[in-house]
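Okay, so here's the structure we're looking at.
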Protein chains: 2
Amino acid sequence: MSTPRSPRPTLAGVARLAGVSPSTASLAFSGSGPVSDATRERVLAAAETLGYAGPDPRAQSLRRGRSGIVGVVIEDRIRDAFRDPVTVQMLDGLSEEIGSIGASLLLIPDTGEGPADVGTAPMDAAVLIGCTPRLAESLAILSRRGIPTVAIEADPGLGDVGVSLDNRQATRRGAEHLRSLGHTMVALVVLPLSADRSRSPLTAEAERAGTSHVARERILGARDVYPDAPGVVTAGSFMEEGRLAGLQLLARPEDRPTAVIAQSDLLAAGVVRAAEELGIAVPQQLSVLGFDGVRVDGIAPYDLTTLVQPAVPKGRAAGAAVVALLTGADAPSVAFESVLHLGNTTAPPAAR
Amino acid sequence: MSTPRSPRPTLAGVARLAGVSPSTASLAFSGSGPVSDATRERVLAAAETLGYAGPDPRAQSLRRGRSGIVGVVIEDRIRDAFRDPVTVQMLDGLSEEIGSIGASLLLIPDTGEGPADVGTAPMDAAVLIGCTPRLAESLAILSRRGIPTVAIEADPGLGDVGVSLDNRQATRRGAEHLRSLGHTMVALVVLPLSADRSRSPLTAEAERAGTSHVARERILGARDVYPDAPGVVTAGSFMEEGRLAGLQLLARPEDRPTAVIAQSDLLAAGVVRAAEELGIAVPQQLSVLGFDGVRVDGIAPYDLTTLVQPAVPKGRAAGAAVVALLTGADAPSVAFESVLHLGNTTAPPAAR
DNA sequence: TAGCCTAGTCGAATCGATTCGATCGAATCG
DNA sequence: CGATTCGATCGAATCGATTCGACTAGGCTA
């Protein structure tokens, strides 16, 4: 009659109804202390009566000093970040791993302006994916906030823990494969080198000015074998970009390469399509090498020769590092290796 | 000397150093009250000295009763959910819209078991994407927690606000287009009908047992025009699935359809590829109709005839609904309409 | 010069749970 | 049978900020 019932029941209310103290009620819910079965059931029954849905996570995270949230800093537009299957697979591995401690992922688009989420979002740890533009700034903010960070394929040394891939070495291995087949005229199809994503020829200048660690390393690996290979910089890791690059590289028969090293499978698939369009047989007249080893949707019946990187394990490793950082365990950086998968898109160059 | 400096500075510490009360310091940070410039600067300087990175979001959300987090309930595996470009685009629109109130997205994989995140994750509101299997249960949990929900393309009536699409009508319009071109032998390539995703012929039984609202509606739309069209149920919205379905449908020349209604652009693109492989010319010998109108990567130079749905606006609408729910404004359900885009993958059937 | 208003600041209560140490009764042990 | 121990429960402090009402000077009006 007199008590105006509060909109949401609280643990205190449940405790009162059950005739126990709030501390006991808390114990009954968390199961982390000795509580008699009778009491626990009384508390649970009271909760049922009141429609109490469990402890408020906000209060929990204040008191516990932990929110169960891991931030993932991605480039500004979700739709761009998630078009890359490797990113998605990593996220999947990451989610799986941190799920084991009951944490979940908060998406933090790293737009320069706006409500600077990197600075204000609640999280226990953050994972940064190497390709974000403002990586260093974001890291600075996070470190000031005292939030541990894991950096995936960023420049070495960034973040509390790094997860890296043998981009250069792997590409070199792929290039060596092409060389061993006898290719001498090889062209590169390169991932975006910097934040302003625009299509352009791969010039020495563009190469120097590039900020994408991954793209640079993969160029270097190719250059280890083919120091003078020309190339095209794309505007993103999409089949369509690969196709455009392919059309451009294959346009003039007189200086047409006999092999293309693409920096991603999507780009490679696009090059294959361009070749199809131009009536160039793959692999007889053109070899195409990819990178990633994701099941590219829509390239069947080809089986891309590519450098298979362990995308899901990479994500899992990042997740494990997060868990380690949060539990105070040792969190060593990890380096992953790619494996050359020999598909049917590479072959010796056509005899001329 | 005597005060063991606490690991992380707090607002109270900053206030003490600045010689003001905590309340004033809070005002200085949030800017929501009258504070003299001199004081504000003193507080900011003190924060700088102490390395204070701003109010703790955990405490803020407890006090404010709001966390700035919007949950997105997706199917269990991130890598599956995000392979669908429509989902990703919706997410993008959603993120954009809720970003306007400084909220960000928490990914909640809806696995049946495990730490039931739907029940424990902190969030101010939740968005459910229609295709999740345990939709009803999740909604029940959320409602008990008092968390407002927005359901995208779920069965009508679910969630506090619904965002829907004219799946049936749109498909009907597409089918009518095919009929007007003169097609009589039409086959369907259908999205997964239920949680157990397996390839199978589209039987009346499978159709009845289906739980996917979207797939069912799109079938009904096609049936409005072609009541007896045969079909194939795929295991997911992927090109490869479309290709497999296409190979199957087009295998025997004697009962080969002259047109295929695919329930997504990816499936449609796969059907086109299958036709290419079999030497069937599109659109001369086979018309293909898609759904979604996403820029399918890797289908160029075709321009798919498809029902363009406003994916990003759908996400934005969901975001706007969330904002409305949180600000107490009116949050009406929204229905979106698709537009038939006439590309170059449909044409009159070949004269025989 | 009395009266009033306003900008600036402060105190104290509050958000909802967790957790440590204390308490109390009963059971066990010698 | 007294002392010890253990299990169950409770009190009270605490996590870190926000916010409402109260209070104090000045400045302004009449």
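Each chain gets a letter, A, B and so on, in the order the sequences are listed, and its residues count up from 1. Treat the numbers as computed from the prediction; the structure is a model and nothing was measured.
Among residues two or more places apart in sequence or in another chain, the salt bridge (Lys or Arg N to Asp or Glu O under 4.0 Å) test is passed with A:D160 by none. Partners of A:D84 by salt bridge (Lys or Arg N to Asp or Glu O under 4.0 Å), not counting sequence neighbours: none found. For B:R79, the salt bridge (Lys or Arg N to Asp or Glu O under 4.0 Å) partners two or more places apart in sequence, or in a different chain, are A:D92. Residues passing the salt bridge (Lys or Arg N to Asp or Glu O under 4.0 Å) test with B:R64, sequence neighbours excluded: none. The side-chain hydrogen bond (donor to acceptor under 3.5 Å, both in side chains) check on A:S36 picks up A:T39, with sequence neighbours excluded. Looking at residues two or more places apart in sequence or on another chain, you find a side chain to side chain contact (heavy atoms under 4.5 Å, CB included) between A:S104 and B:L106, B:D117.
Rounding to the nearest 0.5 Å places CG of B:D155 at 9.0 Å from OG1 of B:T211. The structure places CZ of B:R83 at 11.5 Å from CZ of B:R77, a figure rounded to the nearest 0.5 Å.
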**OP:** Would you sketch DNA chain C in dot-bracket for me? Only Watson-Crick or G-U wobble pairs with both distances under 3.5 Å count, crossing pairs as [ ], other-strand pairs as |, the rest as dots.
**Re:** ||||||||||||||||||||||||||||||

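Shown for residues 53-65 of chain A: residues whose heavy atoms fall under 4.0 angstrom of DNA chain D, namely A:L62, A:R63.
When DNA chain D is scanned 5' to 3' for any atom under 4.0 Å from a heavy atom of chain A, the first and last hits are D:dA8 to D:dG16.
The pair A:K314-A:E97 does not count as a salt bridge, with every side-chain nitrogen at least 4.0 angstrom from each carboxylate oxygen.
A ring pair (Phe, Tyr, Trp, His ring centres under 6.0 Å) check over residues 13-63 of chain B, counting only residues at least two apart or in different chains, returns the pairs B:F29-B:Y52.
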Could you give the side-chain donor-acceptor pairs of residues 316-330 of chain A under 3.5 Å, partners two or more places apart or in another chain?
from, atom 1, to, atom 2, distance (Å)
A:R316, NH1, A:E96, OE1, 3.4
A:R316, NH1, A:E96, OE2, 3.0
A:T327, OG1, A:V323, O, 2.8
A:T327, OG1, A:A324, O, 3.3

What nitrogen or oxygen pairs link the protein and nucleotides 7-11 of chain C at under 3.5 Å?
from, atom 1, to, atom 2, distance (Å)
C:dT9, OP1, B:S36, OG, 3.2
C:dT9, OP1, B:T39, OG1, 2.3
C:dT9, OP2, B:S36, N, 3.0
C:dT9, OP2, B:S36, OG, 3.4
C:dT9, OP2, B:T39, OG1, 3.1
C:dC10, OP2, B:S21, N, 2.9
C:dC10, OP2, B:T24, OG1, 2.8
C:dG11, N7, B:S23, OG, 3.2
C:dG11, O6, B:S23, OG, 3.3

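At distances below 3.5 Å, not a single donor-acceptor pair connects side-chain atoms of B:D110 with backbone N or O atoms of B:I74.
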